[in-house]
There are 2 protein chains.
Amino acid sequence: MPYLTKSAPEPEPLDCRVLTAALDLFVEHGFHNVSVHDVQKESSVSIGSIYKHFGGKEGVAKALYYHLINEFEEMVNAVLEDEMTNRERCNKIIALLFEYSETRRNIISYMLHSKHREFLPSEPPICSSTPFIMMRDIVLQGIEAGEIRNGSPWVVAASIFGGAIRLIHLRLDGLIDEPLTNLYDEHINCMWQGMSGDISLESKDYKSSTN
Amino acid sequence: MPYLTKSAPEPEPLDCRVLTAALDLFVEHGFHNVSVHDVQKESSVSIGSIYKHFGGKEGVAKALYYHLINEFEEMVNAVLEDEMTNRERCNKIIALLFEYSETRRNIISYMLHSKHREFLPSEPPICSSTPFIMMRDIVLQGIEAGEIRNGSPWVVAASIFGGAIRLIHLRLDGLIDEPLTNLYDEHINCMWQGMSGDISLESKDYKSSTN
DNA sequence: GTCTATACGCTGATAGAC
DNA sequence: GTCTATCAGCGTATAGAC
């Protein structure tokens with residue numbers, strides 16, 4: 001297996017090396033705790049080139065941001081092109097997010113677990129980006145088709161994806177030891193069938209007006 | 001109404017002024033975009049005193065962090081002392097979180113919407129703090145009592161609170177225009193009764209193993 | 001115990017050689 | 001087009017006066 005030797009230098013383009021290094025550093029230390037010099041060392045690309053190509057640290061973060069959003073959008077697009085119900089599409093997206101959380105942890109961490117507004121104040125929040133809007137649209141179509149219960153778009157969308165996103169956060173924060181892929185089936189059941197136990201207590205539910 | 005005039009200086013203690021100013025600044029600009037000088041100006045407390053009392057910017061952030069966690073813990077404690085089912089307790093906590101998101105936005109934002117690990121790397125993540133563990137325990141007791149469906153603790157807890165937390169995030173990011181308190185009833189129904197529509201499609205649910 | 005003025009280090013950014 | 005050496009500015013932290 002001669003190709004496994006380190007003698008052959010990686011043909012990876014400069015951009016890719018910088019973005020990969022930046023992703024790892026930003027996720028591990030946080031954007032503000034990483035200097036351009038750190039990116040330089042990690043990527044083995046000189047500071048001058050980084051400024052030439054990206055215009056600075058913010059430029060790197062922005063390029064990374066849109067690169068990952070595009071990848072995510074392609075993922076959602078692939079799900080849209082598959083022949084299945086909207087309900088199944090929701091499940092598929094959750095399954096893919098869980099898989100990515102395990103296999104490409106940093107990508108998910110940068111997309112779902114960072115506060116971009118702090119270092120990219122001029123960019124819109126990630127939840128208003130195309131792939132997230134597409135996810136909401138899938139939900140809306142599911143409602144129209146009668147596959148998903150009716151309700152205000154945001155409430156329904158948050159109820160469907162909120163639990164999964166919460167699990168991802170807990171997993172990334174190290175509170176959940178088990179791979180999320182193991183929890184998928186159970187989570188999906190909880191989400192679609194509701195959290196009620198044996199005892200029916202609907203009439204006693206707490207209302208916001210009560211004290 | 002003589003007390004409404006500005007002539008009478010606020011008797012607020014120094015600590016309180018600093019923490020209030022820091023909360024507002026941190027939430028608006030992010031921890032790393034706020035200098036100690038900014039806190040000084042906003043709180044009208046001198047830099048020397050800030051360093052004397054808190055030991056620096058990190059100290060302020062840490063004090064604020066634990067102060068808010070304590071407040072939150074008291075809130076959860078109050079819910080625990082009330083006579084109601086664990087299921088109602090979950091609802092009550094969500095109702096309170098929604099109310100706080102509207103009336104004390106910055107507190108919720110700092111607790112649920114910041115990445116503390118970036119500026120307080122030695123502190124445990126917020127979801128492992130006492131009040132969050134208490135919330136999970138309420139869920140566990142609800143499962144034992146048969147009020148809540150059985151399952152792995154984290155999955156069940158994430159399914160119950162994940163949607164609410166997601167709504168809070170969306171509201172704080174400006175995507176939801178309506179006050180969350182208006183969405184409470186609908187969200188609670190979604191969460192307990194599940195997201196299934198009219199058509200029963202359980203058999204076709206997507207499994208993680210499938211492709 | 002409270003404040004002002006100052007120093008030091010780090011980081012983002014650039015200019016100019018190759 | 002790529003890199004190295006250097007600069008300027010900001011932000012933390014402190015020392016010392018009141």
Side-chain angles (χ1 to χ4, degrees), chain A residues 8-66 110 114-123, chain B residues 8-65 67 110 114-123:
Chain A
E10 295 155 354
E12 260 188 326
L14 180 147
D15 309 33
C16 193
R17 271 186 298 160
V18 172
L19 291 183
T20 308
L23 174 64
D24 293 344
L25 289 170
F26 290 167
V27 167
E28 187 172 354
H29 306 287
F31 176 82
H32 290 284
N33 298 318
V34 173
S35 71
V36 185
H37 296 275
D38 296 331
V39 178
Q40 188 276 314
K41 274 179 272 180
E42 183 82 9
S43 65
S44 303
V45 173
S46 68
I47 295 216
S49 298
I50 293 174
Y51 273 92
K52 190 80 178 176
H53 279 269
F54 297 98
K57 197 170 76 161
E58 269 203 16
V60 174
K62 197 187 285 191
L64 187 56
Y65 182 73
Y66 284 107
Y110 191 78
S114 308
K115 285 220 64 188
H116 310 95
R117 309 301 289 275
E118 276 193 18
F119 51 90
L120 297 176
S122 56
E123 305 306 310
Chain B
E10 295 156 352
E12 262 187 324
L14 180 146
D15 308 32
C16 193
R17 271 185 298 160
V18 171
L19 291 183
T20 308
L23 175 64
D24 293 343
L25 290 170
F26 290 167
V27 167
E28 189 172 355
H29 303 108
F31 176 82
H32 290 285
N33 298 319
V34 172
S35 71
V36 184
H37 295 276
D38 297 331
V39 178
Q40 188 276 315
K41 274 180 272 181
E42 183 82 9
S43 65
S44 303
V45 172
S46 70
I47 294 217
S49 299
I50 293 175
Y51 273 93
K52 190 80 177 176
H53 279 268
F54 298 98
K57 197 170 76 162
E58 269 203 16
V60 174
K62 198 187 285 190
L64 187 57
Y65 182 73
H67 179 78
Y110 191 77
S114 306
K115 283 221 66 188
H116 309 96
R117 308 301 289 276
E118 277 192 17
F119 50 91
L120 298 176
S122 55
E123 306 305 311

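First the proteins, then the strands, lettered A, B, ... as listed; each starts at 1. Predicted model only: the values in this text are computed from it and were never measured.
In the region residues 55-65 of chain B, proximity to DNA chain D at under 4.0 angstrom, judged on heavy atoms, holds for G56(B), K57(B).
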>> Does Y110(A) form a ring pair (Phe, Tyr, Trp, His ring centres under 6.0 Å) with H116(A)? I'd like the steps, not just the answer.
In response: CA-CA 9 Å; Y110(A) 191 78; H116(A) 310 95; 5.4 Å; yes
> Please walk me through it: do I47(A) and H37(A) pass side-chain contact (heavy atoms from CB on, under 4.5 Å)?
Replying inline: CA-CA 7 Å; I47(A) 295 216; H37(A) 296 275; 3.4 Å; yes
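We find that NE2 of H37(B) is positioned 9 Å from C1' of dA13(D), with the value rounded to whole Å. Summarising the geometry, the separation between NE2 on H32(A) and P on dT12(D) is reported as 12 Å, rounded to the nearest angstrom. Computed from coordinates, the D38(A) CG to dT11(C) C1' distance equals 10 Å when rounded to whole Å. The separation between N33(B) atom CG and dT12(D) atom C1' is 16 Å, rounded to whole Å. Nucleotide dT4(D) holds its P atom 11 Å from the CD1 atom of I50(A), rounded to whole Å. Atom OH of Y51(B) is separated from atom C1' of dG11(D) by 8 Å (rounded to the nearest Å). In this structure, NZ of K41(A) is placed 12 Å from C1' of dC10(C), rounded to the nearest angstrom.
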For nucleotides 2-5 of chain C, print each protein N/O atom paired with a nucleotide N/O atom at under 3.5 Å, atom names and distance only.
residue: dT2(C); atom: OP2; partner: H53(B); partner atom: NE2; Å: 3.0
residue: dC3(C); atom: OP2; partner: S46(B); partner atom: N; Å: 3.3
residue: dC3(C); atom: OP2; partner: S46(B); partner atom: OG; Å: 3.0
residue: dC3(C); atom: OP2; partner: S49(B); partner atom: OG; Å: 3.1
residue: dC3(C); atom: O5'; partner: S46(B); partner atom: OG; Å: 3.2

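Put simply, the side chain of D24(B) never gets that close to the backbone of A21(B): no donor and acceptor are under 3.5 Å apart. With N33(B) contributing its side chain and H29(B) its backbone, the two residues share a donor-acceptor pair below 3.5 Å. The backbone N or O of C16(A) sits less than 3.5 Å from a side-chain atom of T20(A), completing a donor-acceptor pair.
Side-chain contact between H32(A) and F119(B): absent, with no pair of heavy atoms (C-beta onward) separated by less than 4.5 Å. Taking 4.5 Å as the limit, some side-chain heavy atom of D15(A) sits within range of a side-chain heavy atom of H53(A). Counting only heavy atoms from C-beta outward, the side chains of V39(A) and K57(A) never approach each other to under 4.5 Å.
Looking at heavy-atom distances under 4.0 Å, V39(A) makes no contact with the nucleic acid at all.
To the nearest 0.5 Å, the span separating CG on L14(B) from NZ on K52(B) amounts to 12.5 Å.
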